[in-house]
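Just below is one structure, and these are the notes that go with it.
By convention in this document, chain letters (A, B, ...) are assigned in the order of the sequence lines, proteins followed by strands, and residues within each chain are numbered from 1.
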There are 2 protein chains.
Amino acid sequence: MAGSKGSKYYDIFLKFKVWLENTKGQGILGDGKFELLEMIDKHGSLSAAADKMGVSYRKAWGNVKEAEEKLGFLLVEKHRGGAQGGNSVLTPEGKRLVEAYKELLVEFDNAIHLITKKFFNKLNT
Amino acid sequence: MAGSKGSKYYDIFLKFKVWLENTKGQGILGDGKFELLEMIDKHGSLSAAADKMGVSYRKAWGNVKEAEEKLGFLLVEKHRGGAQGGNSVLTPEGKRLVEAYKELLVEFDNAIHLITKKFFNKLNT
DNA sequence: TATCAATATGCGAAAAAAAACATATCGCAA
DNA sequence: TTGCGATATGTTTTTTTTCGCATATTGATA
């Protein structure tokens with residue numbers, strides 16, 4: 001819930017976003033891309049991950065590539081050809097990033113919760 | 001500084017954004033608009049605020065109007081005509097929001113600082 | 001060795017967002 | 001009563017992003 005009932009701020013909410021940036025100020029990875037990485041990890045391929053997320057393979061592939069270029073190292077180990085056509089798995093670095101990001105989100109949520117409370121308290125003073 | 005020296009994460013940073021949203025999921029006010037409100041407060045007019053921020057008056061005006069429409073109440077009291085052509089001052093609600101937001105940012109920065117540290121520690125483990 | 005599913009990319013269209021341009025209105029003060 | 005500077009908007013242009021379509025490559029397996 002946002003502000004207290006009856007307040008003019010009743011249906012207003014605080015939202016936030018966290019992402020990784022490089023020194024050039026370019027965004028690298030945010031919520032969407034992290035979710036994509038998780039899906040790749042879970043399903044074993046970019047195309048399956050894209051499907052599950054309801055985005056085109058073209059877009060998902062482009063996202064991964066862009067992030068990797070900006071980072072300067074690979075997040076996903078891609079294989080093509082073979083009976084299944086190919087597959088993709090996270091690199092150790094990719095896994096690590098995803099893990100760290102997940103924990104980060106939890107802590108962020110906790111912090112936000114407190115801060116939000118204070119914010120609306122102040123507004124309703 | 002981001003990761004520890006020599007780390008693969010050396011030149012990567014965590015960034016964040018906070019903003020207000022209404023129940024329809026529409027963004028209302030973020031960093032830029034809050035800064036605009038501060039400038040209006042400081043300079044006494046929308047046009048001066050726009051100048052100082054290096055944006056067009058058209059854009060600044062549109063931003064304020066849009067935010068007010070989504071909030072359902074006024075943030076700025078505008079007057080036109082007169083010797084000076086007109087002027088603008090924050091409404092009490094506008095002032096209140098700006099104040100609360102400023103405090104919010106400080107707390108956010110503190111929280112982020114801690115969380116960022118943990119994040120990179122984990123990556124470099 | 002032909003097939004098949006997944007990776008890999010280029011490119012043009014379409015949609016969305018931002019910036020620029022053009023006016024109109026308003027009201028005090030000279 | 002005219003000029004000036006700020007508010008108020010509609011319209012158009014430009015820029016940026018996103019989407020969709022087409023096409024090539026790869027390699028285990030039947």
So, using side chain to side chain contact (heavy atoms under 4.5 Å, CB included) as the criterion, who are the partners of A/Glu35 when residues are at least two apart?
A/Met39, A/Met53
Run the salt-bridge test on A/Lys17 and A/Asp31 with the 4.0 Å N-O cut-off and return the result as yes or no.
no
Length of the line joining B/Glu77:CD and D/dT7:P, which is rounded to integer Å
13 Å
C/dT9, OP1 or OP2 - any side-chain N/O from A/Lys65 closer than 4.0 Å?
yes
Counting just side-chain N and O atoms, does B/Trp61 come under 4.0 Å of either OP1 or OP2 of D/dA8?
yes
For atom OH of A/Tyr57 and atom C1' of D/dA24, their distance in whole Å
12 Å
List the steps, then state whether side chain to side chain contact (heavy atoms under 4.5 Å, CB included) holds for B/Leu36 with B/Trp61.
CA-CA 10 Å; B/Leu36 178 59; B/Trp61 174 84; over 6 Å; no
Under 4.0 Å between a side-chain N/O of A/Ser88 and OP1 or OP2 of C/dA6, yes or no?
no
May I ask you to list the residues of residues 18-51 of chain A, by number, that have any heavy atom positioned under 4.0 Å from an atom of DNA chain C?
A/Ser45, A/Leu46, A/Ser47
Can you tell if the side chain of B/Leu37 reaches within under 4.5 Å of the side chain of B/Leu75, non-hydrogen atoms only?
yes
Taking A/Lys118 first and then B/Glu107, would you say they form a salt bridge - that is, a charged N and a carboxylate O separated by under 4.0 Å?
yes
Looking at A/Glu99 and A/Arg96, is there a salt bridge between them, counting it only when a charged N and a carboxylate O are closer than 4.0 Å?
no
Just wondering, do A/Tyr9 and B/Glu93 contact through their side chains at under 4.5 Å, heavy atoms?
yes
Distance, rounded to the nearest Å, where A/Glu69 contributes CD and C/dA8 contributes P
12 Å
For A/His79 and D/dT29, give me the distance from atom NE2 to atom P, rounded to whole Å.
15 Å
List the protein contact pattern of nucleotides 18-30 of chain C with one symbol per nucleotide (5' to 3'): B for base contact, S for sugar-phosphate-only contact, - for none; contact means a heavy-atom distance under 4.0 Å.
SS-B---BBBBS-
Output the distance between atom CD (B/Glu68) and atom CG (B/Leu29), rounded to the nearest 0.5 Å.
9.5 Å
Is a side-chain donor or acceptor of A/Glu38 paired with a backbone partner of A/Val98 at a separation under 3.5 angstrom?
no
Side-chain N or O of A/Lys78 less than 4.0 angstrom from OP1 or OP2 on C/dA6?
no
